[in-house]
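The structure under discussion appears below in the form of structure tokens.
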Amino acid sequence: MCSFGAAPSVLNVLPNNKTMTTMPLATIMDNKPFVNVMTFGMCSSLANPTVASATAAALGVLTPMPCVPLLTAPWAPGSPTVLIGGSPALNNTSKLICGYGGVIQITNPAVTNIQIP
């Protein structure tokens, strides 16, 4: 979920030689817009140029616009003890910052307890 998004989304994790179980495992580098991180419906951040423009056109009434995540950095923090393909594993405390000011976090992890030998 994004703090400025109107709807939850799904984190897509591609196999990319990271499969250690029957499901691929996420790393902090799974941060690509429209590959790993999908849209969150409508965005209400005034830092988003389309929201700012639509709000100005509506004489200052906040006007949400479609979410297009602007992601330039990895998730943080990752797991300090588990590396997958050379990158720290994603965990339930990891957050991703959108360039428009939103904070993206995992609210309903599909897998919560994986044991890695």
Side-chain angles (χ1 to χ4, degrees):
M1 187 69 192
C2 177
S3 58
F4 282 114
S9 187
V10 174
L11 175 66
N12 292 319
V13 182
L14 305 177
N16 296 342
N17 298 323
K18 292 184 286 191
T19 303
M20 298 174 67
T21 65
T22 57
M23 296 177 63
L25 303 175
T27 73
I28 63 168
M29 298 310 294
D30 289 319
N31 65 335
K32 311 304 180 277
F34 300 104
V35 174
N36 306 113
V37 180
M38 299 297 130
T39 181
F40 295 95
M42 301 297 276
C43 178
S44 60
S45 171
L46 287 173
N48 181 329
T50 60
V51 175
S53 178
T55 298
L59 304 175
V61 176
L62 180 63
T63 307
M65 294 299 289
C67 167
V68 178
L70 178 62
L71 311 172
T72 59
W75 291 83
S79 172
T81 58
V82 178
L83 295 180
I84 301 169
S87 294
L90 205 59
N91 61 31
N92 61 352
T93 63
S94 300
K95 296 190 182 345
L96 185 60
I97 306 301
C98 178
Y100 299 133
V103 177
I104 299 167
Q105 60 187 353
I106 297 172
T107 57
N108 188 18
V111 178
T112 58
N113 187 15
I114 295 178
Q115 304 227 345
I116 300 175

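Note: hydrogens, waters and symmetry copies are ignored here, and every other heavy atom, side chains too, is used.
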What's the verdict on side chain to side chain contact (heavy atoms under 4.5 Å, CB included) for Ile106 and Trp75, showing C-alpha distance, side-chain angles and the deciding distance?
CA-CA 11 Å; Ile106 297 172; Trp75 291 83; 4.1 Å; yes
Between atom CD1 of Ile28 and atom NZ of Lys95, what is the distance when rounded to the nearest 0.5 Å?
15.0 Å
Answer yes or no: is there a side-chain heavy-atom contact under 4.5 Å between Pro69 and Tyr100?
no
Measure from the side-chain N and O atoms of Asn36 to the backbone N and O of Val13, and report whether any donor-acceptor pair falls under 3.5 Å.
no
For Leu25 and Thr27, what are the C-alpha separation, side-chain angles and deciding distance, and is it a side chain to side chain contact (heavy atoms under 4.5 Å, CB included)?
CA-CA 7 Å; Leu25 303 175; Thr27 73; over 6 Å; no
Looking only at non-hydrogen atoms, find the nearest pair between Gly101 and Ser3 and report the distance.
O-OG, 4.4 Å
Side chain to side chain contact (heavy atoms under 4.5 Å, CB included) for Asn91 and Val82? Distances and angles first, verdict last.
CA-CA 10 Å; Asn91 61 31; Val82 178; over 6 Å; no
Under the side-chain contact (heavy atoms from CB on, under 4.5 Å) test against Leu96, which residue among Leu11, Leu71, Val103 passes?
Leu71
Just how far is it from atom CG of Asp30 to atom CG of Leu14, taken to the nearest 0.5 Å?
7.0 Å
Is a side-chain donor or acceptor of Ser79 paired with a backbone partner of Pro88 at a separation under 3.5 angstrom?
no
Closest heavy-atom contact between Ser94 and Pro77?
OG-O, 2.6 Å
Minimum side-chain heavy-atom gap Met1-Ser9 below 4.5 Å:
no
For Ser44 and Pro64, indicate whether the former's side chain and the latter's backbone hold a donor-acceptor pair under 3.5 Å.
no
Does one hydrophobic cluster hold both Met29 and Ile104, with members joined at side-chain heavy-atom distances below 4.5 Å?
yes
Return all side-chain donor-acceptor pairs below 3.5 angstrom for residues 51-63, not counting sequence neighbours, or 'none' if the list is empty.
from: Thr55; atom 1: OG1; to: Val51; atom 2: O; distance (Å): 2.8
from: Thr55; atom 1: OG1; to: Thr63; atom 2: N; distance (Å): 3.0
from: Thr63; atom 1: OG1; to: Val61; atom 2: O; distance (Å): 2.8

Common cluster, Leu70/Met65, ILVMFWY with side-chain heavy-atom separation under 4.5 Å:
no
Under the side chain to side chain contact (heavy atoms under 4.5 Å, CB included) rule, what do Asn48 and Phe4 come out as? Steps first, then yes or no, please.
CA-CA 10 Å; Asn48 181 329; Phe4 282 114; over 6 Å; no
